[in-house]
Amino acid sequence: MTTPARRRLMRDFKRLQEDPPAGVSGAPSDNNIMLWNAVIFGPHDTPFEDGTFKLTIEFTEEYPNKPPSVRFISKMFHPNVYADGSICLDILQNRWSPTYDVSAILTSIQSLLHDPNPNSPANNEAAQLYRENRREYEKKVAAIVQESWNDDEDDDVEEEEGGKTAS
Amino acid sequence: MSQTDMKRQLSDPASDATDSEDMEEDDEYANYYYDNTDDLDIDKPKKTDDPEYFEYTILQTEDAERLLNEEVERLCSELKMSPSLAKMLLHVGQWQGEDIIERYQQDQRKLLTESNVSCPKEMKEDSLVGSSPGCPVCAECYPRDKFMGLTCGHLFCPHCWDMHFRFQIEQGITMGIECMGQKCKILVPEDFLYSVLKDSKLRDRFSKLCFMDLIKGHPKLRFCPGPNCSVIIHAKEPRAKKVECSVCKSTFCFRCGIEYHAPTDCDVIKKWLTKCADDSETANYISAHTKDCPSCHVCIEKSAGCNHMQCSKCKFDFCWMCLGDWKSHGSEYYECSRYKENPNIANESVLVQAREALKKYLFYFERWENHAKSLQLEEQTLQKITSRINVKVMENEGTWIDWQYLQNAAALLKKCRYTLQYTYPYAYYMDKGGRKQLFEYQQAQLEAEVENLSWKVERAEITHRGDLENQMDIAEKRRQTLLKDFLEV
Ligand SMILES: [Zn+2]
Ligand SMILES: [Zn+2]
Ligand SMILES: [Zn+2]
Ligand SMILES: [Zn+2]
Ligand SMILES: [Zn+2]
Ligand SMILES: [Zn+2]
């Protein structure tokens with residue numbers, strides 16, 4: 001059955017393939033267009049560099065009037081990411097616009113890795129270290145970057161795909 | 001008090017009539033109260049020098065709609081704009097019509113931009129490309145002239161606008177619906193919405209929700225918070241004063257909508273109620289209904305509202321709150337309501353300070369709770385008196401007019417007790433100093449007279465009518481004095 005939400009998601013997928021933004025990738029899961037798997041590569045010149053962070057994106061039939069719920073599956077250490085992997089980002093909550101698509105969501109999260117917002121902390125420890133002890137913060141981030149590779153070893157297709165986009 | 005005592009007293013309204021002097025005196029009092037029945041019967045003060053005086057009217061939905069429309073029309077004709085835009089400006093500008101007109105005439109563009117109804121020129125954009133562009137939301141392609149948008153230039157297909165409005169209305173958003181553009185805060189005026197939204201059910205729902213939004217945003221209007229009551233209170237001035245709904249009879253503070261709380265102000269009472277709710281253990285500790293007589297130590301249960309207790313065994317008169325001798329409570333040195341702070345507290349350890357803080361809170365909380373309980377008991381007293389008067393009147397033992405003074409006394413007692421209860425949160429948050437001293441002095445005066453009145457109301461059958469009415473007068477005067485000095489107007 002095709003609904004406005006599904007039609008829009010097909011378009012999002014097409015756009016993501018035709019015009020892939022650097023450092024992110026995503027695709028609907030095999031038999032459910034409402035559930036996507038995505039990968040964000042740690043941006044250059046940030047402590048997250050070289051990390052490959054997996055996420056899931058869950059849409060409802062109210063998309064794009066309502067934002068999807070986005071969560072990191074890979075372990076994350078970031079001032080605006082909660083322990084369960086959900087993300088504190090305005091465009092995923094009160095500043096959502098129906099014009100955002102999957103590509104825009106992923107690049108927004110990518111830039112959040114670049115510029116954390118320590119004023120609305122979702123992870124107090126990360127926010128405090130980011131403000132007061134940048135070296136310790138970078139050490140902790142380095143640890144989860146390493147862990148993100150371990151995730152990939154017992155994975156297959158996505159890693160290869162990701163590798164291509166990153167290079 | 002025994003029922004038979006009460007009956008005897010009630011069944012003999014003319015007992016004083018045998019004494020002509022007494023009768024004269026009684027008539028004097030009766031006349032005095034006839035002149036002021038409004039002040040006693042309904043809690044709505046009428047006199048302008050009354051600190052609780054508050055002018056308001058009760059509106060039905062249609063009346064309130066008419067009132068809003070009049071304000072919208074005034075702005076329309078003054079500024080030559082559409083009703084839809086005027087409504088939006090009034091809602092965003094908290095219905096300060098004069099202020100809006102002035103700002104509009106000074107700098108039209110600035111006001112419209114600040115109110116999020118119009119976009120500054122430099123931010124306008126048109127993201128559509130080609131002669132048959134795709135909608136930024138659904139990606140369907142349409143001819144250019146099919147697209148619609150607001151002053152910001154964000155254009156979308158009618159279908160996507162419709163979906164957007166549906167979704168927002170389902171979330172209960174009406175006056176706050178924004179454009180769909182990224183980071184765009186431009187508000188959607190209702191004429192634009194109605195030009196898109198064709199579903200009549202949804203249009204209806206929008207108009208109903210919108211009305212509620214407008215009322216909630218209007219400083220001089222408030223929905224009655226009473227259960228299943230749909231009337232709207234229209235106040236002359238938006239103040240923290242007492243409203244009694246003539247439809248459902250609930251009373252509340254106009255500004256914050258919770259129970260009336262003079263002399264304490266809206267923010268302070270919220271703080272106090274939260275504090276009390278957080279501390280349920282304290283409440284349990286306090287709620288004990290029994291105490292030992294300070295003289296003979298027999299266990300005494302409190303069953304009436306009055307805090308002037310008399311031990312049933314040794315007849316010792318004492319105060320329920322502080323267990324002190326009642327004799328000292330009648331004097332100028334009444335100190336039961338005043339918390340005595342440790343003068344050396346600043347030099348004490350953190351632990352001692354914490355204990356002192358708790359002690360202080362408990363002192364005020366205990367009195368707050370105690371007056372609340374007394375109030376409940378006095379409500380029962382009022383009901384008992386009312387039903388007994390009913391019986392008397394039915395049995396032709398005097399008329400309502402003969403007995404009404406008893407009911408008035410019980411009603412006035414409740415009113416005074418209520419204010420007294422709400423003086424405690426006020427005092428708790430007050431800074432030390434001369435003003436607090438004055439407040440506590442007046443609070444103590446009021447408390448003493450309320451307890452005297454309570455004592456007399458409970459013993460109505462053995463209290464002389466003139467004596468009772470005199471006590472009513474004194475208690476109400478104390479209440480008025482305190483409110484005049486401390487109720488922020
Ligand atoms: Zn569209
Ligand atoms: Zn816009
Ligand atoms: Zn009501
Ligand atoms: Zn209030
Ligand atoms: Zn005793
Ligand atoms: Zn006392």
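Given the structure is predicted, the values throughout are model-derived calculations rather than measurements. Scope of the values below: all heavy atoms of this structure, side chains included, with no hydrogens, waters or symmetry mates. Residue numbers start from 1 in every chain, and the chains themselves are labelled A, B, ... in the order their sequence lines are given, proteins ahead of strands.
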Take atom [atom1] in [X]; do more than 12 heavy atoms of anything else shown fall under 6.0 Å from it?
X	atom1	value
B:Asn228	CG	no
B:Lys198	NZ	yes
A:Asp30	CG	no
B:Glu98	CD	no

- prompt: Any side chain to side chain donor-acceptor pair (under 3.5 Å) pairs touching residues 7-17 of chain A, not counting sequence neighbours?
  reply: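 Side chain to side chain donor-acceptor pair (under 3.5 Å) check on residues 7-17 of chain A returns A:Thr2-A:Arg7, A:Arg8-A:Asp12, A:Arg8-A:Tyr63, A:Asp12-A:Tyr63, A:Arg15-A:Asp101.
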- prompt: Is there side-chain contact between A:Lys66 and B:Glu170, with heavy atoms separated by less than 4.5 Å?
  reply: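 A:Lys66 does not reach B:Glu170 side chain to side chain.
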- prompt: Where is the tightest heavy-atom contact between A:Ser97 and B:Gly181, given as atom of each residue plus distance?
  reply: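 Closest approach of A:Ser97 to B:Gly181: OG-C, 3.5 Å.
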query: B:Glu178 versus chain A, heavy atoms under 4.5 Å apart: side chain, backbone, both or neither?
result: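 B:Glu178 touches chain A through side-chain heavy atoms alone.
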query: What part of B:Cys179 is in contact with chain A, defined as an atom under 4.5 angstrom from a non-hydrogen atom: side chain, backbone, both or neither?
result: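 Answer is neither: B:Cys179 stays 4.5 Å or more from chain A.
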query: Using a cut-off of under 4.5 Å for heavy-atom pairs, which of A:Pro4, A:Pro98, A:Ala104 has the most such pairs with chain B?
result: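 Answer, by heavy-atom pair count under 4.5 Å with chain B: A:Pro98.
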message: Looking only at heavy atoms and a cut-off of under 4.5 Å, which of B:His159, B:Gln171, B:Arg166, B:His164 has the most pairs with chain A?
response: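 Heavy-atom pairs under 4.5 Å are most numerous for B:His164.
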- prompt: Pick from B:Glu140, B:Gln168, B:Lys185: which one has the most heavy-atom pairs with chain A under 4.5 Å?
  reply: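 With the most close heavy-atom pairs to chain A, the winner is B:Lys185.
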message: Does either side chain, that of B:Gln182 or that of A:Thr99, offer a donor lying less than 3.5 Å from an acceptor on the other one?
response: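 A pair is found: one side chain offers a donor N or O, the other an acceptor, under 3.5 Å apart.
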